Amino acid sequence: MSKKLFIETLGCQMNARDTEHIIAELNQKNDYELTSSLEDADLIIINTCSVREKPVAKLFSELGNFNKKRKENAKIGVCGCTASHLGADIIKRAPYVDFVVGARNVSKISQAVEKKGTVQIDINHDETTYEFNEYRNSLYRASINISLGCDKQCTYCIVPATRGEEISIPPEIILKEIQRATQSGAREIFLLGQNVNNYGKYFSDQREKYTFTKLLQDISKIDDVKRIRFTSPHPLHMDDEFIEEFASNDKICKAIHVPLQSGSTKVLKDMKRGYTKEWFLNRCEKIRSKVPDVRISTDIIVGFPGESDEDFLDTLDVINKVKFDQIFNFKYSARPNTVAATMSNFVDDKIASQRLNQVIELHKKHQDELMDRFVSKVVNVYFDDLKPNGEISGYTDNYAQVFVQGSEELLGKFVDVKITQAYRTSLKGEIV
Ligand code: SAH
Ligand code: SF4
Ligand code: F3S
């Protein structure tokens, strides 16, 4: 009889992909059926995030909840970035936790389930040539890791300490994985890494120069790949060759994440981001001039230590100039063992909250303007989700979400849709 697995994922797309790998690994040994009911689960896993204080607090509140509701003998495991970061301390704080497996140790999950008290958190562990079995949440879209870890040391960020040094997965393994995903129906490939456009700098073996641009070219040669997306590229590594490929390769979705963090060159320097306000604006202008329909998303941190009113005005200025289609905005959260956490000039929480609200309000205006431009246009949509109310949804080539009335037959198809209505974060349309 199959066992039941409850798995909760916090954090980013990389964690979501790790969850798929965890499920694939577990299924090699035992038959696991996913359940959304804690009470029924034989194995309960939480795949954690450390990037801000909030998800770490959530881990401990969730663990208490798991322990209360689990059935007798159900095991509890903690995976992901907070596992890497806190390791055995998690078991000290919550002794009912059976095992801890870090973000760089996913291949060890089956062993860990077998042995109570296992803590596998080596951030130097090399999984770049380990071939995980296939499992994915979506039939239509496949997330594929292209690198592990991060070679930057942004002063606010805990990720290099939880995911280790950057290392690239060999292209032949990536291409094989993509072939396999297309054979089981995926037409959209989502490439993942902390700095995807730094790809190829760090292979674990000696090989000829190979870049992210080349990887994009090689992936687009696979016939059944119809769309390619990636996250996150780093603004510093957005060279002209990369922008040229982004613009001219028809298979690459015309949506790009360009993480700003701050518009102030002084704050960017304190963050150790490696680029200036002018470089960031220049890259976005270049992308927009080559791809007029591009949708640009970004990440912004407000209230970084030492951020003055003037610095914050620079952030608003960049938002006004670029007009982002989507902003993921965060209040700075001090993380243990990072350089920024030792800075003395913290911004008052009230001021940080006000700045956050200003970003949100300004962005709403831009979103409305940008989404309105879709009305009456015909766009090509790849449908991937059926809603209980009879609507079906998918994404345009520049990654705006579109809802239409339709049936299951549309799933997995690319269909032209005329947009009839625009909302702030999605569109409504009719099949043409
Ligand atoms: N490698 C990616 C970022 C991964 S973390 C990149 O460089 O774009 C995702 C986002 O979380 C970051 O872009 C940043 O905006 C935010 N973030 C990271 N550390 C943070 C902190 N200490 N406080 C608030 N936000 C943070
Ligand atoms: Fe963190 Fe910077 Fe690396 Fe992104 S590039 S994961 S923000 S250290
Ligand atoms: Fe992702 Fe959170 Fe780790 S954002 S890299 S899961 S700290």
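These figures come from a predicted structure and were not determined experimentally. Below, all heavy atoms of this structure are taken into account, side chains as well, without hydrogens, waters or symmetry copies. Just so you know, ligand 1 is whichever comes first in the structure, and atom 1 is the first atom listed for that ligand.
- Nearest-residue assignment for atom 7 (O) of ligand 1 (options Glu53, Lys331, Arg273, His234; heavy-atom criterion): Arg273.
- Close contacts of ligand 3 with Gln194, meaning ligand atoms under 4.0 Å from a residue heavy atom, involve 5 (S).
- Annotation: side chain of Glu307 is not in contact with side chain of Ile301 (no heavy-atom distance under 4.5 Å).
- Listed here is the closest heavy atom pair of Ile146 and Leu191: CG2-CD2, 3.8 Å.
- In summary, the atoms of ligand 3 found under 4.0 Å from a heavy atom of Cys81, numbered by their order in the structure, are 3 (Fe), 5 (S), 6 (S), 7 (S).
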Taking it one step at a time, do Tyr395 and Tyr382 satisfy ring-ring contact (aromatic ring centres under 6.0 Å, His included)? CA-CA 6 Å; Tyr395 289 86; Tyr382 181 42; 9.4 Å; no
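- A salt bridge links Lys364 with Glu361: at least one charged nitrogen is closer than 4.0 Å to a carboxylate oxygen.
- In Asn345, the CG atom is crowded: over 12 heavy atoms of neighbouring residues, nucleotides or ligands sit closer than 6.0 Å.
- Counting heavy atoms under 4.0 Å from ligand 1, residue Tyr156 touches it through both backbone and side chain.
- Heavy atoms of Ser50 come nearer than 4.0 angstrom to ligand 3 in at least one pair.
- Residue contacts with ligand 1 for Ile301 involve side-chain atoms from C-beta outward but no N, CA, C or O (heavy atoms, distance under 4.0 Å).
- The part of Arg52 lying near ligand 1 is the side chain, judged by heavy-atom distances below 4.0 Å.
- Atom 15 (O) of ligand 1 has its closest protein heavy atom at Gln261 OE1, 2.7 Å.
- Atom 18 (C) of ligand 1 has as its closest protein heavy atom Val51 CG2, 3.4 Å.
- Between Phe60 and Leu86 there is a side-chain heavy-atom pair separated by less than 4.5 Å.
- Distances shorter than 4.0 angstrom occur between a heavy atom of Arg163 and an atom of ligand 3.
- Within the cation-pi definition used here (under 6.0 Å to the ring centroid, within 45° of the axis), Arg187 does not qualify as a partner of Phe414.
- Under the 4.5 Å side-chain criterion, counting only non-hydrogen atoms from C-beta, Cys154 is in contact with Arg273.
- Of the residues listed (Thr118, Asp18, Ile45), the one engaging Ile109 in a side chain to side chain contact (heavy atoms under 4.5 Å, CB included) is Ile45, and it is the only one.
- Contacts of Gln194 with ligand 1, taken as heavy-atom pairs under 4.0 Å, involve both backbone and side chain.
- A salt bridge does not link Lys214 with Glu208: none of the charged nitrogens is closer than 4.0 Å to a carboxylate oxygen.
- Residue-level proximity to ligand 1 for Ser333 is carried by backbone and side chain together, each with a heavy atom below 4.0 angstrom.
- The shortest contact between atom 1 (Fe) of ligand 2 and any protein heavy atom is with Cys157 SG, 2.3 Å.
- Taking every heavy atom of Gln194 and a limit of under 4.0 angstrom, the matching atoms of ligand 2 come to 6 (S).
- Those atoms of ligand 3 with a heavy atom of Cys49 less than 4.0 angstrom away are 2 (Fe), 4 (S), 6 (S), 7 (S).
- Of all atoms in ligand 1, listed by their number and element, those nearer than 4.0 Å to a heavy atom of Tyr332 are 23 (N), 24 (C).
- The Pro259 neighbourhood of ligand 1 comprises atoms 8 (O), with distances under 4.0 Å to a heavy atom of that residue.
- Counting atoms of ligand 3 from 1 in the listed order, those under 4.0 Å from a heavy atom of Val51 are 2 (Fe), 4 (S), 7 (S).
- Looking at heavy atoms from C-beta onward, Cys150 lies out of side-chain contact with Arg163 at the 4.5 angstrom threshold.
- Counting protein heavy atoms only, atom 9 (C) of ligand 1 is closest to Asp299 OD2, 3.8 Å.
- Each of the atoms 6 (S) of ligand 2 lies under 4.0 Å from some heavy atom of Val159.
- Interface atoms of ligand 3 facing Asn15, defined by a heavy-atom separation under 4.0 Å, are 6 (S).
- Summarising the geometry of Trp279 relative to Met238, their closest heavy-atom pair is CZ2-O, 3.9 Å, with the distance given to 0.1 Å.
- Figure legend: cation-pi geometry between Arg52 and Phe330, with NZ or CZ positioned under 6.0 Å from the six-membered ring centre and within 45° of its axis.
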Is there a salt bridge (charged side-chain N to carboxylate O under 4.0 Å, His left out) between Glu244 and Lys290 once you walk through the steps? CA-CA 8 Å; Glu244 221 42 78; Lys290 303 235 164 224; 3.2 Å; yes
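- Atoms of ligand 1 found under 4.0 Å from any heavy atom of Ser232, numbered from 1 in the order shown, are 2 (C), 8 (O).
- Heavy-atom separations between Arg273 and ligand 2 include at least one value shorter than 4.0 Å.
- Counting atoms of ligand 1 from 1 in the listed order, those under 4.0 Å from a heavy atom of Arg335 are 22 (N).
- The nearest N, O or S atom of Cys150 is not closer to atom 2 (Fe) of ligand 2 than 2.8 Å.
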